[in-house]
Visitor: 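Here's a structure for you.
Letters A, B, ... mirror the listed sequences (proteins, then strands); counts begin at 1.
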Amino acid sequence: MRLAEAWRVASDALRANRMRSLLTMLGVIIGVASVVLLVAIGTGTKQTVEQQVEGLGSNLLLVVPGRLDVGSAPAVSPLTLQDVEVVGRVVGDPGRVAVTVASGATVRAGTRQDFTTVQGVLETTPTVFAREVARGRYLSRSDVDTGRRVAILGDSVARILFPDREAVGQQVNVAGVRFRVIGVFAPLGQSLGVDRDDEVHIPVTAAQRLYGTQRVDAIAVKAPDRERIDELGQRIVAELNGRHPGTEFSAVTQEQILGVLGDILGILTGVLAAIAGISLLVGGVGVSNIMLVSVRERTREIGLRKAVGARPRDIGVQFLLEAVLLTAIGGLVGMALGVGGALLVAAVSPIPAAVTWWSLALAFGVSAAVGIIFGVVPAQRAGRLDPVVALRAE
Amino acid sequence: MSGTAAIEAVDVSRTYHLDGVSVPALRGVTLTVSAGDYVALIGPSGSGKSTLMHLLGGLDRPTGGRLVIGGRAVSELSPPELARLRNETIGFVFQAFHLLPRTSAVDNVALPLVYRGVNARQRRERAAAMLGRVGLGHRLDHRPNQLSGGEQQRVAIARALVTDPTVLLADEPTGNLDSTTGAAVLELLEQLNAESGVALVMVTHDAEVAARARRRIAMRDGVVVADSDADSAASPITGSAGAGGGS
Ligand SMILES: Nc1ncnc2c1ncn2[C@@H]1O[C@H](COP(=O)(O)OP(=O)(O)OP(=O)(O)O)[C@@H](O)[C@H]1O
Ligand SMILES: [Mg+2]
C-alpha cells in the first residue's frame with residue numbers, strides 16, 4: 001500500500017512537471033535508442049559477413065601467398081598453373097581445386113559498357129564455391145585447356161550490357177578482346193553495399209593471355225574430409241613453400257576467417273555500444289540532477305510527510321521510484337525508437353541492422369539501473385532530511 | 001509513571017550547533033502532558049516554544065534529558081520507530097498549514113493513514129468522516145488553493161486527528177488567520193479536545209486565548225518559568241531543574 005502510494009506520488013510528480021520530465025527523459029531516450037540502433041548495426045553486419053563466408057560453400061580451404069593477418073599487405077602471388085596441378089595432386093582430386101586471377105576491366109557490348117571485375121577461373125568453380133548458373137552453361141574443361149574466349153556474366157553485368165536482349169550467345173568485348181557469352185549467373189544480390197553480381201568469369205588461360213601474366217592470385221580447395229582439413233592445408237603449404245622458397249603461404253579455413261572477422265566485428269560492436277553507453281550515462285547524470293532539484297523543491301512536502309509518520313525509507317522509495325519511472329519510460333521510448341531506427345536503416349540503406357533481444361534487454365536493464373544508481377543519492381538525501389529543518393524551508 | 005501521562009519530559013535540553021557556535025534553545029525543561037489535557041504554551045519570541053513542541057511530538061530529539069512519548073523513551077527508538085510513534089500518537093497543526101498542493105482536501109487528510117498501511121477505500125472513508133467533523137464535509141475534493149485560510153487550517157486539523165492521536169500539538173494555529181476565523185478554529189480545537197479526549201498543547205501569543213486553557217506554561221530563554229498546574233510537578237516552577245533529574 002505504501003508502495004502504491006509511492007508510485008502514485010512519483011507519477012503525479014512527473015506529470016506535474018511534464019516538460020521537465022520529458023527533457024530529462026530525452027537524455028535516456030537518446031542513449032537507449034543509440035545503444036539499440038548501433039548494436040543492431042554491429043550485429044547485422046556481423047551476421048551478413050558470416051552468412052557470406054558460410055555461403056561460399058563448406059569445407060573450404062583458401063591458399064594465398066603471405067600471412068592471414070589483419071593489416072598485412074597482400075603479397076604479389078608467385079603461384080602459377082603448375083602449382084595448381086601440384087595442389088590437385090596433394091588433394092588427390094583436381095576437380096576440388098579452383099583458382100582465380102582477377103583484374104578490373106571494361107566490358108563492352110555495342111554502345112553499352114560496364115567496368116567490372118573479370119576473373120580468370122577453372123571449370124571447377126561451381127563445385128568448389130556454391131555458385132549457380134541461371135541461363136546457359138558454365139566453363140568446360142576444354143574451354144580452359146584451349147583458352148577459349150568465352151564468358152559467364154554476373155546478373156548485373158548482363159542487365160547493364162543487354163537490358164532488352166538475352167545475353168547468352170551475344171558477343172562482349174573484354175579489354176579489347178572479343179568473348180562470347182555462354183552463361184549468366186543466378187543473382188546473389190547486394191551485401192554491405194557491394195553488388196555481388198558485378199563480375200565476369202572467363203577461363204584462367206584466357207585471362208592470363210589477356211593480362212599478359214602467368215600468375216594465379218589464389219587457390220581454393222574444397223576439402224574431401226572435414227576432419228582432416230587442417231592437415232591437408234599444412235601439406236599444401238609445405239609443398240608450395242618448397243616450390244617457392246622466397247614466399248610463405250597460408251591455408252585458411254572458413255572457421256579461421258569467421259574467427260578473425262568475428263573478432264573484428266565483435267570489437268566494432270563493442271565500441272559502438274560503449275559510445276552509445278556514454279550517452280546513456282550522460283542521460284543518467286541528467287536524471288540525477290533533476291531528482292536533486294525535485295527533492296529541493298519538495299523539501300516542505302518531505303518534512304510534512306515525515307511529521308505525519310513517513311519513515312526515511314518511505315520518502316527514499318518515493319523519490320527512487322520517480323527516478324526509475326523517468327528512466328524506465330525513457331528506456332521504453334528509446335527502445336521503440338531504436339528498433340524503428342534499425343528497421344529504417346535496414347530498409348533504406350545498404351547497412352544491415354539486426355535487432356537482438358539481448359540488446360533490448362541490455363538497454364532497458366541499463367536504463368533502469370541508471371535510474372536506480374542516479375536516483376539513489378537524491379533519494380537518500382530526501383530520506384535523511386531533518387523534518388524540522390524541512391518544514392521551515394521556503 | 002502515572003497511567004494518564006501522554007508525554008513526559010525530564011530535564012530536557014536541546015542545543016543547536018550553528019557554524020561551531022552552540023545555541024541552547026532549551027535548557028532543562030521538565031513537564032508532563034496528561035491525557036486529554038488542554039495546555040497553552042506562552043512566552044516571548046525565541047524562548048523555545050516551537051523547539052519544545054518539536055521535541056514533544058518526536059519530530060526532533062533532545063540533546064539532553066529524558067523524553068517519554070506514549071510510554072516509549074525517544075532515545076531508545078530508531079528513526080523508523082520514531083516515525084511510527086509520531087504517526088500513532090501525535091497530531092501536528094502548524095501555523096503555515098503545510099497542506100500538499102495539487103492534492104484534494106480528502107487526500108491531504110488521508111495522508112497519515114497511508115503511512116499506517118490503511119487501504120485506499122478506508123482511507124477515504126475515514127478522511128471524509130474527519131472532514132465532516134471539522135465542518136468541511138462539502139469540500140472533500142477541493143484543492144488547498146481553492147480553500148480559504150480558515151478552511152485550510154481545518155483540513156490540517158482533520159489531518160492531525162484522522163489517526164486518533166493522544167496528543168494534538170498546535171504551534172500558533174491561528175497565527176496566519178484573521179481574528180474571527182482564528183476564533184472559529186480555536187473553538188473547533190477546544191471542541192475536539194472536549195469531545196474526543198485528545199490532549200491539546202497549543203502555542204499562542206494571545207493572553208486571552210491562553211486564559212481559556214486549563215493549564216498555562218510560560219517559557220523564557222529555554223526554560224519553563226511558570227506552570228499553572230501546581231500539583232502536576234513536584235519540582236519548583238522557576239529555574240533550571242538542575243542535577244536532581246531522577247524522581
Ligand atoms: N535550526 C536552528 N538552528 C539554530 N538555532 C535555532 C534553530 N531553531 C531555533 N533556533 C534558536 O532556538 C531558539 C528558540 O527558537 P524557537 O523557534 O523554539 O522559539 P519560539 O519560542 O518558537 O519563538 P517564536 O515565538 O518566534 O516562534 C531561538 O533563539 C532560535 O534562534
Ligand atoms: Mg515558534
Visitor: Checking heavy atoms, do the side chain of A/Arg384, its backbone, both or neither come under 4.5 Å from chain B?
Guide: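 Neither part.
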Visitor: Would you say that more than 12 heavy atoms from the other residues, nucleotides or ligands in this model lie under 6.0 Å from the CZ of A/Arg20, or not?
Guide: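 Yes, enclosed.
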Visitor: Non-hydrogen atoms of chain A under 4.5 Å away: do they reach the side chain of B/His54, the backbone, both or neither?
Guide: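 Looking at B/His54, just its side chain touches chain A.
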Visitor: Nearest 0.5 Å, what's the CG-CZ distance between A/Asp386 and B/Arg61?
Guide: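 A/Asp386 CG to B/Arg61 CZ: 10.5 Å, rounded to 0.5 Å.
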Visitor: Could you look at B/Arg159 and say if it's the side chain, the backbone, both or neither that has a heavy atom under 4.5 Å from chain A?
Guide: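 For B/Arg159, side-chain heavy atoms alone lie under 4.5 Å from chain A.
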Visitor: State, to 0.1 Å, how close B/Leu59 and A/Val388 come at their nearest heavy-atom pair, and which atoms those are.
Guide: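 Closest approach of B/Leu59 to A/Val388: O-CG2, 3.8 Å.
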Visitor: Does atom CZ of B/Arg220 have more than 12 heavy-atom neighbours, drawn from other residues, nucleotides or ligands, at distances under 6.0 Å?
Guide: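 No.
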Visitor: As an exercise, state the distance from CG of A/Asp12 to CZ of B/Arg102, rounded to the nearest 0.5 Å.
Guide: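 These two atoms lie 8.5 Å from each other.
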Visitor: Heavy atoms under 4.5 Å from chain B: which residues of residues 300-337 of chain A carry them?
Guide: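 Those residues of residues 300-337 of chain A which have a heavy atom under 4.5 Å from chain B are A/Arg300, A/Glu301, A/Leu304, A/Arg305, A/Lys306, A/Ala307, A/Val308, A/Gly309, A/Ala310, A/Arg311, A/Pro312, A/Asp314, A/Gln318.
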